[in-house]
Protein chains: 2
Amino acid sequence: MKLTTRGRYAVTAMLDLAINGGKRPVSLADISGRQEISLSYLEQLFAKLRREELVTSARGPGGGYRLARSGAEIFVAEIIDAVDESVDVTNCQGKGNCHHGETCLTHHLWEDLSGQIHDFLSQISLGDLMEGRGRRGSTQQSDGVLQTLSLR
Amino acid sequence: MKLTTRGRYAVTAMLDLAINGGKRPVSLADISGRQEISLSYLEQLFAKLRREELVTSARGPGGGYRLARSGAEIFVAEIIDAVDESVDVTNCQGKGNCHHGETCLTHHLWEDLSGQIHDFLSQISLGDLMEGRGRRGSTQQSDGVLQTLSLR
DNA sequence: CTTATTCTTGACTAAAATAGTCGGGAATAA
DNA sequence: TTATTCCCGACTATTTTAGTCAAGAATAAG
């Protein structure tokens, strides 16, 4: 799991789509204007989002993109995965041929953490973000665990 | 909050330090050998980690680095913050001068999400990772919320 | 039917970040 | 005294990110 500016752009654009996408599709030109992301760059991102079936497209005048599902059913992790292909983090590529020393251990630990971040982002949908369910915990509870819990 | 390979290197190196750092400090040459990260690159990372007081250093033969606190008291978010200075994600830089349209809204939503990821990583310590507390939830519970909860 | 709009695709380029190199130093334990 | 290790700054190569450009296909609207 990576978390780069590209992933941010993709999530931002998808949020824009969730907010502004009613009956009519939303053109990339609109998103480009609102979010100040270059049109051609958006085209690249949406090509990937479409391949992963997170959005559907309609050509011609009045065309554009729609969410393929409702915002409540599209999760942040999916969006990031779609545009940011993940990388191998281990030197042994999971072949287990580096079982001498601590190398594998730390890599394994990082993989675990990475998996946790992924799980975490798999629980937050565009709908959650729009409904402001994000920050609820921080005003209600100071306890760390409950703060995390109250996310959804 | 960003999550790049640099942050991964830093967390990996700190994990190595937590694992291999007993009474004697650990030299960067050792970490470099085990984790296959170039020595000079590690030097750059540890300069930042030291500035943020996450590690202490000792020069001379037998010298190296130690964790400044116990692994249970050093959290992943701190490590990443130390080496990956965060960037502005809003176009209005929080000055509120973009209150026309949806621009600010999506940026605000992204900031929220970013904050949540940060909070999440602020709850995971090096000690947690080493004790394998990371994956415990995934074998115990299939429920998403409890899986997140059982992290700590 | 024609046209403007919009997606679609691929190749290319500029800019920025990342990762690594190099060389010289200062501290210090052995 | 010397080898080891941290410390620091400047430099460079590589990769990634972000953006540009051009040509083309689909299609709604006039």
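Worth saying up front: this structure is predicted, and the values here are computed from it rather than measured. Every chain is numbered from 1, with letters handed out A, B, ... down the list of sequences.
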Across the strands shown, which category fits [X] at heavy-atom distances under 4.0 angstrom: base, sugar-phosphate, nothing?
X     : answer
B:S40 : base
B:A58 : sugar-phosphate
A:L28 : sugar-phosphate
A:Y65 : sugar-phosphate

Once you round it to whole Å, what is the distance between [atom2] of [N] and [atom1] of [X]?
X     : N      : atom1 : atom2 : result
B:L39 : C:dG20 : CG    : C1'   : 11 Å
A:L17 : C:dC7  : CG    : C1'   : 14 Å
B:D84 : C:dA16 : CG    : C1'   : 14 Å
A:L42 : D:dG19 : CG    : P     : 9 Å
A:K48 : C:dC7  : NZ    : P     : 18 Å
A:L45 : D:dT20 : CG    : C1'   : 15 Å

TODO: For DNA chain C, find the residues of residues 3-13 of chain A with a heavy-atom distance under 4.0 Å and give them by number; none if there aren't any.
DONE: none
- [ ] Give the ring-plane orientation class for B:Y9 versus B:Y41, where under 30° counts as parallel, over 60° as perpendicular and anything between as tilted.
- [x] perpendicular
TODO: Could you grab the distance from atom CG of B:L15 to atom CD of B:Q35, nearest 0.5 Å is fine?
DONE: 8.5 Å
- [ ] Enter the distance from A:L42:CG to A:D16:CG here, rounded to the nearest 0.5 Å.
- [x] 9.0 Å
Task: Exam field: side chain B:S32 to backbone B:I37, donor-acceptor pair closer than 3.5 Å - done: yes
Open item on the list: What I want to find out is whether B:E78 reaches B:R69 closely enough, with some N-O distance under 4.0 Å, to be called a salt bridge.
Closed with: yes
- [ ] Look at the side-chain N and O atoms of A:R50 and state whether any lies under 4.0 Å from the OP1 or OP2 oxygen of C:dT9.
- [x] yes
Open item on the list: With side-chain contact (heavy atoms from CB on, under 4.5 Å) as the test, pick out the partner of A:L67 among A:L126, A:V26, A:L54.
Closed with: A:L126
Between [options], which nucleotide has the shortest distance from any of its atoms to the side chain of [X]?
X     : options                : result
A:K2  : D:dT17, C:dT28, D:dT20 : D:dT17
B:R59 : D:dC6, C:dT21, D:dG19  : D:dC6
B:S57 : C:dT18, D:dT17, D:dC7  : D:dC7
B:Q44 : D:dT17, C:dG20, D:dA26 : C:dG20
A:Y41 : D:dT27, D:dA18, C:dG20 : D:dA18

Task: Working for side-chain hydrogen bond (donor to acceptor under 3.5 Å, both in side chains), residues B:S122 and B:D119 - done: CA-CA 5 Å; B:S122 296; B:D119 289 350; 5.1 Å; no
Task: Side-chain donor/acceptor contact of B:E43 with base of D:dC6 under 3.5 Å - done: no
- [ ] Hey, which sits more toward the 5' end of DNA chain C by its nearest nucleotide, B:I37 or A:A47?
- [x] A:A47
Task: Residues forming a side-chain hydrogen bond (donor to acceptor under 3.5 Å, both in side chains) with A:S70, sequence neighbours excluded - done: A:E73
